[in-house]
Every structure is written in structure tokens, then in C-alpha cells.
2 protein chains.
Amino acid sequence: MRLLIVEDEKRLALSLAKGLTAEGYAVDVVHDGLEGLHRASESPYDLLVLDIMLPGMNGYRVCSTLRAAGNDVPILMLTAKDGEYDEAEGLDTGADDYLTKPFSYVVLVARIKALLRRRGQGAGASPVHVLGELRVDTAARRVFLRDDEVALTAKEFAVLEQFVLRAGQVVSKGEILDHVWDFAYDGDLNIVEVYVSALRRKLGATLIRTVRGAGYRLETAR
Amino acid sequence: MRLLIVEDEKRLALSLAKGLTAEGYAVDVVHDGLEGLHRASESPYDLLVLDIMLPGMNGYRVCSTLRAAGNDVPILMLTAKDGEYDEAEGLDTGADDYLTKPFSYVVLVARIKALLRRRGQGAGASPVHVLGELRVDTAARRVFLRDDEVALTAKEFAVLEQFVLRAGQVVSKGEILDHVWDFAYDGDLNIVEVYVSALRRKLGATLIRTVRGAGYRLETAR
DNA sequence: TGTTCCCCATGCGCCTGTTGATCGTCGAGG
DNA sequence: CCTCGACGATCAACAGGCGCATGGGGAACA
């Protein structure tokens with residue numbers, strides 16, 4: 001875990017760096033806003049601790065510039081409580097959390113951990129499956145084909161999900177029926193064909209391959 | 001946020017429930033240890049307030065049984081100070097925090113909030129969530145839309161909070177019901193639709209997107 | 001007693017699931 | 001190589017379900 005501290009009060013910056021290093025983080029420190037922006041743009045940090053009052057470029061601008069460039073590294077802002085700067089403004093510019101000086105070291109560490117955890121969950125906890133040009137986010141129930149979102153109905157999504165979970169394997173119509181339709185359903189297997197047809201129309205014909213007499217197979221990336 | 005209070009002193013339990021409900025939590029109360037264990041095992045509570053001296057099964061055993069079953073719901077234990085039971089033992093059995101009777105209501109609420117924050121509920125320690133033009137301060141229970149504060153009722157806020165905690169993911173009506181309404185409620189899922197409707201009216205129609213057949217999704221800014 | 005909030009019920013409109021018919025395709029066997 | 005039968009794909013039409021809006025009744029405050 002790499003952290004960047006952008007803070008011009010050198011004593012504070014140093015003591016934070018020391019403590020966070022002891023926690024097991026790799027910590028870099030800069031004392032200037034512009035310098036911080038460069039560092040953050042060029043290296044992949046896991047989190048930024050960003051003061052607002054900075055020489056070179058103030059924290060708000062560093063933050064909004066990073067965001068404008070598409071950088072979504074978690075940012076913890078440090079604000080002085082004397083009111084010249086507003087906490088809300090920090091959040092508006094795209095910071096993820098703020099802390100008002102003076103703060104306790106324990107609280108800072110807790111917030112940092114929380115932000116890192118949040119990031120971790122946001123990416124890891126939501127199982128996103130990528131198969132070539134197809135991206136399926138089961139938590140958000142969204143499907144993307146080459147950056148374009150594809151709108152699927154509930155049943156279509158459920159069928160696709162079965163294929164994704166067993167990508168590359170042959171899945172029979174009966175199995176799809178068992179997993180997607182409820183127990184009581186005793187209709188025709190043709191219903192599966194109908195949905196495969198719909199998926200092919202929306203996602204491209206080559207994605208789901210027919211295995212005659214056995215079922216279908218979702219093509220894995222190649 | 002659903003809380004379960006397990007406390008056999010009925011007057012105390014009732015007054016806590018009343019106060020916490022006013023804070024916007026969905027609160028269930030039981031007066032018996034065994035009953036509490038069952039409830040906690042079967043429903044997804046966000047926090048337990050657990051007395052030690054209880055009929056049926058004492059608080060220690062309730063706590064350790066839950067932990068043994070892999071349930072890691074935050075538990076706040078209430079201990080009498082007369083020494084028959086030991087605070088440390090409570091923590092040993094897997095409680096997250098304890099409070100010695102008599103305690104002030106304010107302290108209790110503070111501890112509860114701290115635990116919920118610490119546990120994060122998937123959201124980290126920051127009480128403020130920013131999603132595009134929406135800013136939700138869960139600690140202060142205030143909501144801002146583009147610098148204007150929006151007045152929400154307790155239930156409206158509770159529903160919104162669920163969405164915010166799982167922003168970008170699909171949340172089903174059932175899940176909302178489970179977390180916002182208490183267990184005594186067994187009404188129609190339609191009630192969720194009514195509240196989503198109210199939120200859309202106050203916060204704009206595009207914020208909460210309907211995912212037909214699955215639930216709703218709070219749009220993340222981007 | 002008035003106001004606010006919460007829950008329920010109703011009706012409506014649109015989307016979606018399902019069906020059955022028809023058309024296309026594959027492969028085995030003559 | 002051709003034919004035929006079986007399997008699969010697609011389409012259109014219908015009915016029911018799902019989600020939304022709205023208003024009223026009732027409870028809980030002040």
C-alpha cells in the first residue's frame with residue numbers, strides 16, 4: 001500500500017509519515033501542491049493525504065485537477081477548522097473524506113484504513129466478470145459490450161449469468177431452466193432458445209455458441 | 001439501520017427503543033436471551049445491544065454462540081457495575097464494546113454510532129457520502145442536492161441511506177425492507193416503491209434507477 | 001385540534017415472459 | 001450429392017405482472 005502525503009507543515013508531515021510507515025504503508029511526502037500533483041499523476045498511489053493550504057497549488061485544485069484527469073485515487077483531505085476553507089468544498093472537488101485539524105493520529109489511521117477498505121470492497125466485492133469484449137457486473141446488474149452498456153431484462157440477465165458462471169463449458173437447456181426458472185415451471189425448453197436468441201441479438205451472434213444436441217457454450221476470450 | 005435490543009428490564013428497553021427509533025433506526029426489542037439469539041441468527045441486524053443478565057440465556061452465551069456460528073454483527077454489551085459479571089469477559093466472548101449501567105442515553109447513542117461507523121457497513125468511517133450532486137451526511141442526517149439542503153422524513157432518509165451504502169449496486173425491495181423496517185412489519189413491498197417515489201420527487205428522478213425485476217440502483221456519478 | 005408522517009389500496013400503463021407457429025440449418029444415410 | 005427428419009432460431013401476439021402515482025385513513029406528535 002503506497003500513500004502520498006501532501007502537507008507543507010513539515011513537522012506534522014514527518015510525524016505522520018513515521019507513524020504510517022510503522023503501520024506498514026510505504027509513504028512518500030511532498031510539501032508543495034504542484035509537486036504533489038505531479039507525483040500523484042505519475043505514480044500509482046493507493047491513497048493521498050492532501051492538505052488544503054499548500055504552496056504552489058492549493059489542495060482543492062490539486063484534487064479537482066486529478067479528478068478531471070480521470071484519476072480516482074482515494075483522497076483524504078486535511079482542513080483547518082478556522083473556517084477560511086470549507087469542508088463541503090473539499091468533498092465537492094472530489095475528495096473522499098475530510099479531517100479537521102487538529103485531529104488525533106488514531107483517527108487519521110482509522111480513516112485511512114476505512115478508505116482503503118472501501119476501495120477494496122468497491123472493486124473486489126462486486127464480482128465483475130470479463131470475457132473478451134464482454135463485461136458483466138453481477139452486483140450492479142449491468143452488462144457492457146466494448147464500453148457500451150447493454151440493457152437486458154431480468155430473465156435475459158439471469159440466463160447470461162448462468163453462462164458467465166460456467167464460461168467455456170457446455171451448459172444444457174435443462175440446466176439453464178433449472179437454475180433460472182423456478183421449480184414449478186414445466187414449460188417447453190424452447191423458452192431457453194428464445195432467450196439465447198435475444199442475448200445473441202443484443203450481444204452479438206458469436207458470443208454464445210450452439211452445441212447441437214448438448215446445449216450452449218459461452219465463448220471465452222481469445 | 002436495524003438494531004436489536006436484548007434487555008429484560010422492560011422500562012429501560014422501551015425507552016431505548018423509543019429514543020433510537022427517533023434517531024432513525026429500525027429497532028426490535030426482545031426480553032429474553034434465547035429469543036434474542038434466534039432473532040439475531042435469522043435476520044440481518046446491523047447491531048445488537050445485549051444485556052448480560054437475561055432470562056433464557058445470558059448475554060455472554062448469546063454472544064459467544066453467535067460468534068461461534070460465524071455471525072459478526074457488531075455487539076454492544078450492557079453490564080451492571082456490581083461486579084458479578086466482568087467487563088473483560090464480555091469482550092472475550094466476542095463483543096465489540098461494552099457499557100456499564102447506569103449509562104446516559106447520549107453515551108449509548110454515541111457508542112452505537114461509533115460501532116456502526118467502525119464496522120463501516122461497507123461504507124468506511126466517513127459519515128459523508130458524495131455521489132455526483134448529492135451529498136449525504138449520515139452522522140448529521142442531512143442531505144444536500146447541489147448546495148441546497150433537502151428535508152427528508154426519517155423513513156425517507158433510512159431508505160436513502162441503504163442506497164447510499166450500496167451505491168452503484170442493485171438493492172432489492174426485500175433487502176430495503178429487511179434493513180429499514182422492523183421485524184414486526186409484514187406489509188407489502190409496495191411501501192418501498194412509495195418511498196422511492198418520494199425520494200425521486202425530492203431528489204430528482206434520475207438518481208435512483210429502477211432495475212426491473214431486481215430492485216433499484218443508486219447511480220454513482222460518472 | 002391541526003399537522004405531519006406512515007402505511008395501505010386502487011387503478012393505470014407499459015414492459016416482459018411465454019406461447020405456438022413458421023422458417024432455417026445441420027447431419028446421417030441412402 | 002441429395003433428401004429427409006430432427007433440432008434449433010426467430011417472430012409476432014397476447015396476457016399478466018411489475019412499477020408508479022395518488023389519495024385516504026389512521027396514528028403520533030405538538
Side-chain angles (χ1 to χ4, degrees), chain A residues 141 143 150-163 170-177 179-217, chain B residues 14-15 17-27 141 143 150-163 170-177 179-218:
Chain A
R141 287 193 167 258
V143 177
V150 180
L152 297 185
T153 72
K155 274 280 193 297
E156 285 165 2
F157 189 90
V159 171
L160 178 62
E161 201 173 13
Q162 289 306 310
F163 284 125
V170 171
V171 188
S172 77
K173 296 178 204 173
E175 287 169 330
I176 303 260
L177 212 59
H179 283 96
V180 174
W181 276 263
D182 68 40
F183 230 177
Y185 184 84
D186 68 337
D188 202 306
L189 281 178
N190 169 256
I191 191 74
V192 178
E193 293 163 8
V194 170
Y195 278 93
V196 169
S197 172
L199 286 173
R200 290 211 257 238
R201 181 163 36 83
K202 292 185 175 180
L203 301 173
T206 59
L207 193 77
I208 302 172
R209 195 141 286 182
T210 303
V211 183
R212 237 182 138 74
Y216 300 94
R217 185 180 54 224
Chain B
L14 221 63
S15 102
K18 211 167 154 186
L20 290 169
T21 303
E23 295 276 337
Y25 300 107
V27 181
R141 302 200 99 69
V143 178
V150 180
L152 296 184
T153 71
K155 275 281 192 292
E156 284 165 1
F157 189 92
V159 172
L160 178 62
E161 192 175 23
Q162 290 306 311
F163 283 125
V170 167
V171 187
S172 76
K173 295 176 204 175
E175 287 168 332
I176 303 263
L177 212 60
H179 280 93
V180 174
W181 277 264
D182 59 51
F183 71 83
Y185 182 83
D186 73 337
D188 205 294
L189 285 177
N190 170 258
I191 190 69
V192 178
E193 295 165 10
V194 171
Y195 277 92
V196 168
S197 175
L199 285 173
R200 291 212 255 237
R201 185 159 18 89
K202 292 185 176 182
L203 301 174
T206 58
L207 193 77
I208 301 172
R209 193 146 286 185
T210 303
V211 183
R212 221 167 202 278
Y216 299 94
R217 183 178 55 223
L218 185 66

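Within every chain, numbering begins at 1; the chains are lettered A, B, ... in the order of the sequence lines, protein sequences first and strands thereafter.
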Could you run down nucleotides 22-27 of chain D 5' to 3' and tag each one B, S or - for protein heavy-atom contact under 4.0 Å? B-----
To the nearest Å, give me how far apart CG (A:L189) and P (C:dG20) are. 14 Å
Drop me the distance from A:Q162's CD to A:Y195's OH, to the nearest 0.5 angstrom. 14.5 Å
Min side-chain heavy-atom separation B:L207-B:L218 under 4.5 Å: yes
Run the side chain to side chain contact (heavy atoms under 4.5 Å, CB included) check on A:W181 and A:V159 step by step: do they pass? CA-CA 9 Å; A:W181 276 263; A:V159 171; 4.0 Å; yes
Working to the nearest 0.5 angstrom, can you tell me the gap between B:E193 CD and B:Y216 OH? 4.5 Å
Using atom CZ of A:F157 as one end and atom P of C:dT16 as the other, report the distance to the nearest whole Å. 15 Å
Position toward the 5' end of DNA chain C (nearest nucleotide), B:K155 or A:L152: B:K155
To the nearest 0.5 Å, what is the distance between CG (A:N190) and NZ (A:K173)? 8.0 Å
B:K202 side chain to B:A151 backbone, donor-acceptor under 3.5 Å: yes
Between A:W181 and C:dG17, does any side-chain N or O lie under 4.0 Å from OP1 or OP2? no
Taking five pairs at each end of the helix from C:dT1-D:dA30 to C:dG30-D:dC1, what angle separates the two helix axes (nearest 10°)? 30°
In this structure, how many angstroms lie between the P atom of D:dA9 and the CG atom of A:D188, rounded? 13 Å
Side chain B:R200, main chain B:I208, donor-acceptor under 3.5 Å: yes
Roughly how far, to the nearest 0.5 Å, is CZ of A:F163 from CG of A:L199? 7.5 Å
Distance below 4.0 Å between B:Y195 side-chain N/O and C:dC7 OP1 or OP2: yes
Is any side-chain N or O of B:T153 closer than 4.0 Å to OP1 or OP2 of C:dC6? yes
Counting just side-chain N and O atoms, does B:Y185 come under 4.0 Å of either OP1 or OP2 of C:dC7? no
If you round to the nearest 0.5 Å, how far is CD of A:E161 from CD1 of A:I176? 11.0 Å
Contact check, side chains of A:T153 and B:R212, non-hydrogen atoms, under 4.5 Å: no
Could you run through nucleotides 2-8 of chain D and give me one letter per nucleotide, 5' to 3': B if any protein heavy atom sits under 4.0 Å from the base, S if only the sugar-phosphate is that close, - if neither? ----BBS
Can you measure A:I191 atom CD1 to D:dC14 atom C1' for me and round it to whole angstrom units? 14 Å
N/O donor-acceptor pair under 3.5 Å between B:T21 side chain and B:A17 backbone: yes
